[in-house]
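One structure below.
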Amino acid sequence: MDTIQLPEKVKYIIQELRADGFEAFAVGGCVRDSLLGRIPGDWDITTNAKPAQVKQLFPHTIDTGIEHGTVTVMLERDGFEVTTYRIDGEYEDARHPKQVEFTQNLTEDLCRRDFTINAMAYSDETGLIDVFGGMRDLEQRVIRCVGRADDRFDEDALRIMRAVRFSAQLGFSIEQDTLRSIASHAGNLSRISIERIRTELTKLLLSDHPERLLAAQELGLTRVFLPEFDRMLATPQENPHHIYDVGAHTIHALQHLVGRDTQLPPKNQLILRYAVLLHDVGKPAVRTVDAAGVAHFYHHAETGADMAREILRRLRFDNETIGSVGHLIALHDYRYASENKAVSERTVRRAVNRVGPDWLETHFLLQEADLNAQNPALLPDKLRQLSEAKALAGRILSAGQCISLKMLAVNGSDLIAAGFPPGKSIGAALDDLLNYVLEHPEANTREELLARAAALLEPGKH
Ligand code: ATP
Ligand code: MG
């Protein structure tokens with residue numbers, strides 16, 4: 001295990017509190033991550049000082065959750081949550097503690113925390129405070145509840161999702177009794193707000209072990225917040241392209257992304273992981289089996305895009321994420337050529353136009369993940385086509401070929417100046433010109449397009 005190196009600002013906060021006679025420690029996720037050699041996302045501090053006393057000691061603080069004992073101490077631009085030792089009261093609805101009670105006892109504070117690996121505290125003066133065997137569980141790589149698992153999940157069912165999410169982020173297993181208790185409390189998840197569930201699902205998907213979604217399904221969790229995934233696992237694909245059912249295929253596709261999508265901006269990475277999760281969500285609904293026993297999934301991309309948008313709305317995602325995931329799913333099955341045929345630049349130009357240059361890299365990664373989770377016997381030709389498409393797309397873009405209305409050599413005002421009546425017909429004419437230029441990239445000149453537009457103006461000539 002690594003040693004804990006507190007950042008200077010954390011040391012400063014702890015020292016200030018100690019100088020005034022209080023206890024103070026770094027606690028929770030930052031201690032866990034430091035010991036694992038991972039970079040903590042944030043540093044939380046726990047203290048027996050009351051919020052008012054913390055506020056007195058530091059000139060810049062924010063009342064983040066003062067009724068729960070949390071004050072954010074600002075040092076320059078960095079904020080650190082300093083929370084008073086507390087005992088969480090009885091939980092009202094498997095979610096909210098009815099009241100919190102402050103305490104002077106660190107162990108009582110550690111005891112309200114969810115898992116042993118999250119219930120350790122540290123200061124340079126005291127070293128590691130590990131009351132519940134967190135260190136042992138870090139070494140054995142297990143997620144285990146602090147205290148009785150049944151009680152802990154009764155208090156807060158979100159911990160069910162957190163257990164699976166941490167197991168995916170850290171590659172840990174879940175201890176037997178904790179696992180048993182999760183399965184028996186799965187139904188309580190329905191009382192947890194969908195936003196909080198979504199946060200955990202997103203972290204699970206973005207982790208190095210997105211396949212832990214299968215554990216979530218086996219434990220009865222996805223049935224509560226993503227029953228569509230349960231249907232995917234129950235949908236076989238009897239055709240030459242596939243060797244897995246829809247659910248297993250999806251999991252393999254997600255695993256393919258690990259280590260391969262890190263170069264994307266974080267927002268695109270999230271969108272891609274949800275797009276891969278849901279790219280075939282339409283398949284169960286459109287599945288048909290022909291006389292020869294072969295399964296078909298006609299129009300599953302469009303159906304899937306609609307369903308994905310609905311699911312993401314249900315998960316309360318923002319419109320941009322919903323739109324982008326839907327867009328990628330609608331086009332995920334885009335074919336560039338028939339089997340064993342070369343890919344034409346023209347087909348790729350149309351694809352670039354439909355996908356849009358900003359989404360191209362993400363789109364290709366989605367296709368790569370999808371293909372790699374299909375029948376390996378057919379993979380080489382599919383990958384060859386994909387790599388030809390990528391190379392051609394690169395060439396089309398670097399040559400500055402027109403692939404959008406924006407890049408057309410004429411715009412609406414040009415057409416109006418050329419005598420087109422303002423109105424709907426302008427849009428139709430521009431679409432026609434773009435369509436033409438997508439076939440004939442060399443035709444994207446003012447002269448040629450105005451001539452073509454003029455011809456369009458004269459009935460009978462076109
Ligand atoms: P990360 O920041 O990577 O999501 P974390 O463990 O720091 O992981 P936070 O949500 O930041 O998680 O919470 C900080 C600490 O608060 C946890 O380590 C844990 O000790 C405690 N904690 C958070 N949520 C709960 C919960 N639902 N039940 C019990 N303890 C919790
Ligand atoms: Mg944290």
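Counting convention: from 1, in listed order, for ligands and their atoms alike.
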Any N/O of Cys30 closer than 3.5 Å to an N/O of ligand 1? no
Contact partition for Phe166 relative to ligand 1, non-hydrogen atoms under 4.0 Å: side chain
Check: of Thr199, Asp88, Asn118, min heavy-atom distance to atom 20 (O) of ligand 1 comes from Asn118
Is it the case that the side chains of Asn372 and Glu368 hold a donor-acceptor pair, with the cut-off being a distance below 3.5 Å and no angle test? no
Under 4.0 Å from a heavy atom of Gly28: give me the atoms of ligand 1 that qualify, with their elements. 18 (O)
Under 4.0 Å from one or more heavy atoms of Lys203, ligand 1 contributes atoms 4 (O)
Check Arg112 with Glu108, please: is the shortest side-chain N to carboxylate O separation under 4.0 Å? no
List the atom pairs, with distances to 0.1 Å, where a side-chain N or O of residues 17-37 and a protein N or O form a donor-acceptor pair under 3.5 Å, not counting sequence neighbours.
unit_1 : atom_1 : unit_2 : atom_2 : d
Glu23  : OE1    : Tyr85  : OH     : 2.6
Arg32  : NH1    : Asn118 : OD1    : 2.6
Ser34  : OG     : Cys30  : O      : 2.7

Selected option - heavy-atom contact closest to atom 31 (C) of ligand 1, from Leu170, Ile160, Asp114: Asp114
On the 0 to 90° scale, with breaks at 30° and 60°, tag the Tyr336-Tyr334 ring pair as parallel, tilted or perpendicular. tilted
Got a sec: is Asp42 within less than 2.8 Å of the Mg ion (ligand 2) via an N/O/S atom? yes
Using the six-membered ring wherever Trp is involved, compare the ring planes of Phe166 and Phe115 and label them parallel, tilted or perpendicular (cut-offs 30° and 60°). perpendicular
Looking only at non-hydrogen atoms, which of Arg32, Glu155, Arg162 approaches atom 13 (O) of ligand 1 most closely? Arg162
So, do His249 and His279 have ring centers that fall under 6.0 Å from each other? yes
Of Asp33, Thr46, Asp44, which has the heavy atom at the shortest distance from atom 11 (O) of ligand 1? Asp44
Have Thr250 and Tyr244 got a donor and an acceptor in their side chains that come within less than 3.5 Å? no
Flag Gln169 as yes when one of its N or O atoms lies below 3.5 Å from any N or O atom of ligand 1, and as no otherwise. no
Does Leu158 have a non-hydrogen atom less than 4.0 Å from ligand 1? no
Please work out which of Arg112, Arg159, Arg165 has its closest non-hydrogen atom nearest to atom 1 (P) of ligand 1. Arg165
Matching residue for Glu228 among Leu278, Ile311, Thr222 - test: side chain to side chain contact (heavy atoms under 4.5 Å, CB included): Ile311
